[in-house]
Amino acid sequence: MPNFYRIIAIVIVALMVSGMFLYSDYVRRQLSINNTRIINAYSRLWALAATRSVGAGELNIIFEEIIQKCDFPMILTNTEGVPMSWRNIDIEHGDTTKAASEKLLKIIRRMDGERQPVPVFVGSSNRVLGYIHFGDSKLVRLLRLVPLIELLLLAAMFALYYIGYERLKSYGEQNIWLGMAKETAHQLGTPITSLNGWLELLKEDIEFTKESGAFPAMRHDPEEILEKMIEDIDILNKIVFRFGQIGSVPELNPTDLPGLLRGVVGYLEERMPRLIDQIEISEDYDPVPPVMANRLL
């Protein structure tokens with residue numbers, strides 16, 4: 001089930017990323033189409049300016065209100081590909097040095113690799129005055145980076161989630177070990193207390209035999225004491241074994257279930273409080289086949 005939820009989460013994230021990428025690409029393409037329309041209009045304006053089809057006042061309005069406000073790079077070349085004018089290019093206008101020309105030609109090749117240059121015709125004829133080469137604006141170029149930025153942000157979120165999950169997992173494991181340590185200490189307390197009690201009885205008997213001068217004159221049955229001590233030591237071994245099995249796959253063996261339950265009942269009968277016979281354990285075992293189990297666990 002956890003793997004199923006992980007797959008669902010991954011699918012949802014993938015759909016979100018795909019949706020954001022497609023939307024960003026759609027906006028970028030729309031802006032690019034809009035730029036192409038502006039360039040087509042710009043080419044007609046250049047044709048009007050070149051043929052003086054409009055007056056100087058109209059030309060000033062055209063260049064100041066339309067051309068000057070374009071925010072994407074453009075280069076006007078003649079029919080032979082020589083740069084004549086440019087805008088939004090990191091080259092001083094009118095720079096005719098060899099370095100500037102080479103840089104402009106390099107930019108033109110890159111622009112033409114992305115989209116076809118727009119020809120500037122004379123009036124309604126097919127005579128070409130030159131070509132306008134143009135590229136994407138800064139906004140469009142930034143939109144290309146949006147999917148990458150989104151992926152980086154998602155990767156950072158996943159990294160933070162993974163780090164937080166690992167820390168929580170580590171804290172959880174520490175709490176489990178702390179709880180197991182407390183439980184183990186609690187379980188160890190009972191047989192250790194019992195062993196200390198039997199040792200006190202043995203000490204009393206030893207002192208008694210020393211005072212009486214006769215070793216056989218012990219007040220308690222040494223065999224019974226030894227048997228109880230062996231039982232307590234066996235309990236300690238079981239606790240140690242259980243603690244050592246944490247995190248391991250338990251080994252299962254055919255186990256007699258009624259016999260196992262009788263042992264549990266016997267353990268409880270010796271340790272449950274004597275409330276004036278108010279507690280009674282009734283045993284009734286039906287024959288059952290052996291079950292696969294780990295007796296110590």
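Keep in mind the model is a prediction, meaning the values are calculated, not measured. Numbers here are sequence positions counted from 1.
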**Asked** Can you get from Met229 to Ile192 by hopping between Ile, Leu, Val, Met, Phe, Trp and Tyr side chains that sit under 4.5 Å apart?
**Response** yes

**Request:** For residues Asn294 and Phe241, report the shortest heavy-atom separation together with the two atoms involved.
**Result:** OD1-CE2, 4.2 Å

**Request:** Would you indicate whether Asp90, at its atom CG, is surrounded by more than 12 heavy atoms from other residues, nucleotides or ligands within a distance under 6.0 Å?
**Result:** no

**Complete:** Rounded to the nearest 0.5 angstrom, the CZ-CD distance for Arg167 and Gln174 is 11.5 Å

**Asked** Other than Leu252, which residues form its hydrophobic cluster under the rule that side-chain heavy atoms must be closer than 4.5 Å?
**Response** Met292

**Message:** Could you measure the distance from the CD1 atom of Ile107 to the CD atom of Glu102? Nearest 0.5 Å is fine.
**Reply:** 12.0 Å

**Prompt:** From Leu195 CG over to Trp198 CH2, what is the distance, rounded to the nearest 0.5 angstrom?
**Reply:** 10.0 Å

**Request:** For Thr77, enumerate each residue passing the side-chain hydrogen bond (donor to acceptor under 3.5 Å, both in side chains) test, keeping only those at least two apart in sequence or located in another chain.
**Result:** His133

**Request:** Would you please name every residue forming a salt bridge (charged side-chain N to carboxylate O under 4.0 Å, His left out) with Lys103, sequence neighbours left out?
**Result:** none

**Message:** How close do Asn253 and Thr255 get, counting heavy atoms only, and between which atoms?
**Reply:** O-OG1, 2.9 Å

**Message:** Is there a side-chain contact between Asp256 and Pro290 in this structure, where contact means two heavy atoms from C-beta onward sitting under 4.5 Å apart?
**Reply:** no

**Message:** Could you check whether any side-chain heavy atom of Ile239 comes within less than 4.5 Å of a side-chain heavy atom of Pro191, counting everything from C-beta outward?
**Reply:** yes

**Item:** Ion pair check, Asp232 and Lys228, cut-off under 4.0 Å
**Value:** no

**Request:** Kindly write out the residues that satisfy side-chain contact (heavy atoms from CB on, under 4.5 Å) with Asn78, not counting sequence neighbours, or none if the list is empty.
**Result:** Glu80, Val82, Met84

**Request:** With sequence neighbours excluded, tell me which residues meet side-chain contact (heavy atoms from CB on, under 4.5 Å) with Ile12.
**Result:** Ile8, Met16

**Message:** Could you work out, with side-chain hydrogen bond (donor to acceptor under 3.5 Å, both in side chains) as the rule, every residue matching Thr193, not counting sequence neighbours?
**Reply:** none

**Set of residues satisfying side-chain contact (heavy atoms from CB on, under 4.5 Å) with respect to Asn237, sequence neighbours excluded** = Ile233

**Message:** Just to verify, what does Tyr285 make a side-chain hydrogen bond (donor to acceptor under 3.5 Å, both in side chains) with, not counting sequence neighbours?
**Reply:** Glu283

**Item:** Under 3.5 Å donor-acceptor, Asp234 side chain and Ile230 backbone
**Value:** no

**Message:** Is there a side-chain contact between Pro83 and Ile75 in this structure, where contact means two heavy atoms from C-beta onward sitting under 4.5 Å apart?
**Reply:** yes

**Message:** Return the CG to CD1 distance between Leu268 and Ile281, rounded to the nearest 0.5 Å.
**Reply:** 5.5 Å

**Complete:** Contacts of Val288 meeting side-chain contact (heavy atoms from CB on, under 4.5 Å) (sequence neighbours excluded), chain-then-number -> Leu257, Pro258

**Request:** Mind checking salt bridge (charged side-chain N to carboxylate O under 4.0 Å, His left out) for Asp112 and listing every partner two or more places apart, or none if nothing turns up?
**Result:** none

